[in-house]
Amino acid sequence: MAIERLAVVGLGLIGSSIARAVKARLPGVAVTGHDASALVRDEARALGLCDRIADDPADAVEDADLVILAVPVGGMADAARALAPGLKADAIVSDVGSSKAGVGAALRAALPDHLVIPAHPVAGTENSGPAAGFASLFEGRWCIVTPAADAPADAVAALTGFWQTLGATVDTMDAAHHDLVLAVTSHLPHLIAYTIVGTASELEEVTESEVIKYSAGGFRDFTRIAASDPVMWRDVFLANRDAVLATLQRFNEDLTVLQQAIRRGDGDKLEAWFTRTRAIRRSIIAEGQDDPAPDFGRKH
């Protein structure tokens, strides 16, 4: 199943990176883009992101073999309904959202006569907008595809091959399991980062200028995560609420254990915990998912 024409709906960080990566790695594929914001569309035209930028979503997807929705997960269903009149019968509709069960259900309800194969490239930065994207964003990163049990094998293979060509390593997974895994590895860390930075900003005993001036590596790295797109993350937490709440409950229980260890002066408990978590960090580096250089490779 060949992909010769691609439509990208939503031209923020991920959408614009897809467009750039396709131009670099699949120069024979025609790319049409659309964004709900006229300002973003104008910026995308000025950047030359796509072969064509359409003002109407249905026009953008006309004749597309693959349509990728790169919009906040809360807006997936509305975006799908808006583009539906232009979809050809055998088009593959996918997305890039970081929650999958709810998104998949919403897209299938909005497009009951079309093939929907959700996907999630596990890549990104704290920046947003068309200018924030870059062609190498997906290189060496995972993309998780969550097809329904009855999805045609050739269509799944085509979508898998597409992401592999953009440099990603592809895995397939049940949508509900994906949501639990990402609640642990992405959603809860973002929630913690938003909380810590918010708490620091509200401490009356410590001024905001002191928080900024004396930010050590730990707090500084939390602020990077907490700078992520507020609308996108609002929608992620609402869409994946069950998995996030279950993981948050476990985190709160573990936090209580550490709180008790500190109160009781139980150094052995703390050291054992920190030793185990350091091993996880080393495993992430060994898998090539982060830079082993000191201070995350920052230049000083």
Side-chain angles (χ1 to χ4, degrees), residues 6-26 29-57 59-61 64 66-80 82-83 94-99 103 119-143 162-163 166-168 182 186-187 189-191 193-194 197-198 220-239 296 298:
L6 169 70
V8 180
V9 178
L11 297 172
L13 169 67
I14 301 298
S16 65
S17 293
I18 292 171
R20 287 182 170 94
V22 170
K23 284 185 121 182
R25 291 172 171 262
L26 292 166
V29 173
V31 182
T32 300
H34 169 76
D35 196 279
S37 166
L39 292 176
V40 170
R41 294 197 300 271
D42 289 343
E43 185 176 356
R45 288 188 182 101
L47 291 169
L49 282 182
C50 305
D51 298 303
R52 184 170 71 93
I53 301 294
D55 291 326
D56 180 75
D59 177 44
V61 304
L66 172 62
V67 176
I68 297 180
L69 291 166
V71 302
V73 293
M76 289 285 182
D78 287 342
L83 61 82
S94 190
D95 75 302
V96 297
S98 72
S99 62
V103 166
H120 175 207
V122 188
T125 74
E126 69 275 22
N127 300 315
S128 58
F134 50 98
S136 61
L137 178 63
F138 311 109
E139 292 178 7
R141 300 304 177 192
W142 286 95
C143 180
F162 172 82
W163 281 109
L166 299 196
L182 268 294
S186 177
H187 304 168
H190 275 80
L191 189 64
Y194 284 125
V197 175
R220 180 186 60 199
D221 291 331
F222 276 121
T223 64
R224 182 191 65 79
I225 297 173
S228 299
D229 187 339
V231 173
M232 181 186 78
W233 281 100
R234 175 202 67 192
D235 287 359
V236 167
F237 289 125
L238 294 177
F296 302 98
R298 287 188 176 94

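Residue pairs meeting the salt bridge (charged side-chain N to carboxylate O under 4.0 Å, His left out) criterion with at least one member in residues 70-79, sequence neighbours excluded, are Asp78-Arg81. Residue pairs meeting the salt bridge (charged side-chain N to carboxylate O under 4.0 Å, His left out) criterion with at least one partner in residues 13-23, sequence neighbours excluded, do not occur; the list is empty.
With sequence neighbours left out, Phe138 forms a ring-ring contact (aromatic ring centres under 6.0 Å, His included) with Trp163.
Side chains of His34 and Asp56 form no contact here, defined as non-hydrogen atoms less than 4.5 Å apart. At least one side-chain heavy atom of Leu11 sits less than 4.5 Å from a side-chain heavy atom of Ile53.
Heavy atoms only, all atoms of each residue included: Asp55 and Arg41 are closest at OD1-NE, 2.9 Å. Shortest non-hydrogen contact noted between Pro189 and Ile225 is O-CG2, 4.4 Å. In this structure, Ala19 and Cys50 approach most closely via the heavy-atom pair CB-SG, 4.0 Å. Across Gly97 and Val73, no two heavy atoms sit closer than the pair CA-CG1, 3.7 Å. Of all heavy-atom pairs between Val71 and Ala79, the closest is CG2-CB, 4.3 Å. Across all non-hydrogen atoms, the minimal contact from Ala60 to Ala7 is O-CB, 3.5 Å.
Rounding to the nearest 0.5 Å places CG of Leu182 at 5.0 Å from NE2 of His120. For the atom pair Phe222 CZ and His190 NE2, the distance stands at 11.5 Å (nearest 0.5 Å).
Asp229 places no side-chain N or O within donor-acceptor distance of the main-chain N or O of Glu126, the cut-off being under 3.5 Å. Using modelled atom types, no side-chain atom of Arg141 and backbone atom of Ala168 make a donor-acceptor pair closer than 3.5 Å. Looking only at distances, a side-chain donor or acceptor of His187 sits under 3.5 Å from a matching main-chain atom of Ser98. Within the 3.5 Å criterion, the main-chain N or O of Val31 finds a donor-acceptor partner in the side chain of Asp51.
Comment: Arg45 engages Asp42 in a salt bridge, judged by a side-chain N to carboxylate O separation of less than 4.0 angstrom.
Partner Leu6 forms a side-chain contact (heavy atoms from CB on, under 4.5 Å) with one of Leu26, Val61, Ile68, Val67 and no other, that one being Ile68. Between Ile18 and the choices Leu13, Leu49, Val8, the side-chain contact (heavy atoms from CB on, under 4.5 Å) rule is met once, by Val8.
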Between Phe134 and Thr125, does a side chain to side chain contact (heavy atoms under 4.5 Å, CB included) hold up when you go through it step by step?
CA-CA 10 Å; Phe134 50 98; Thr125 74; 3.9 Å; yes
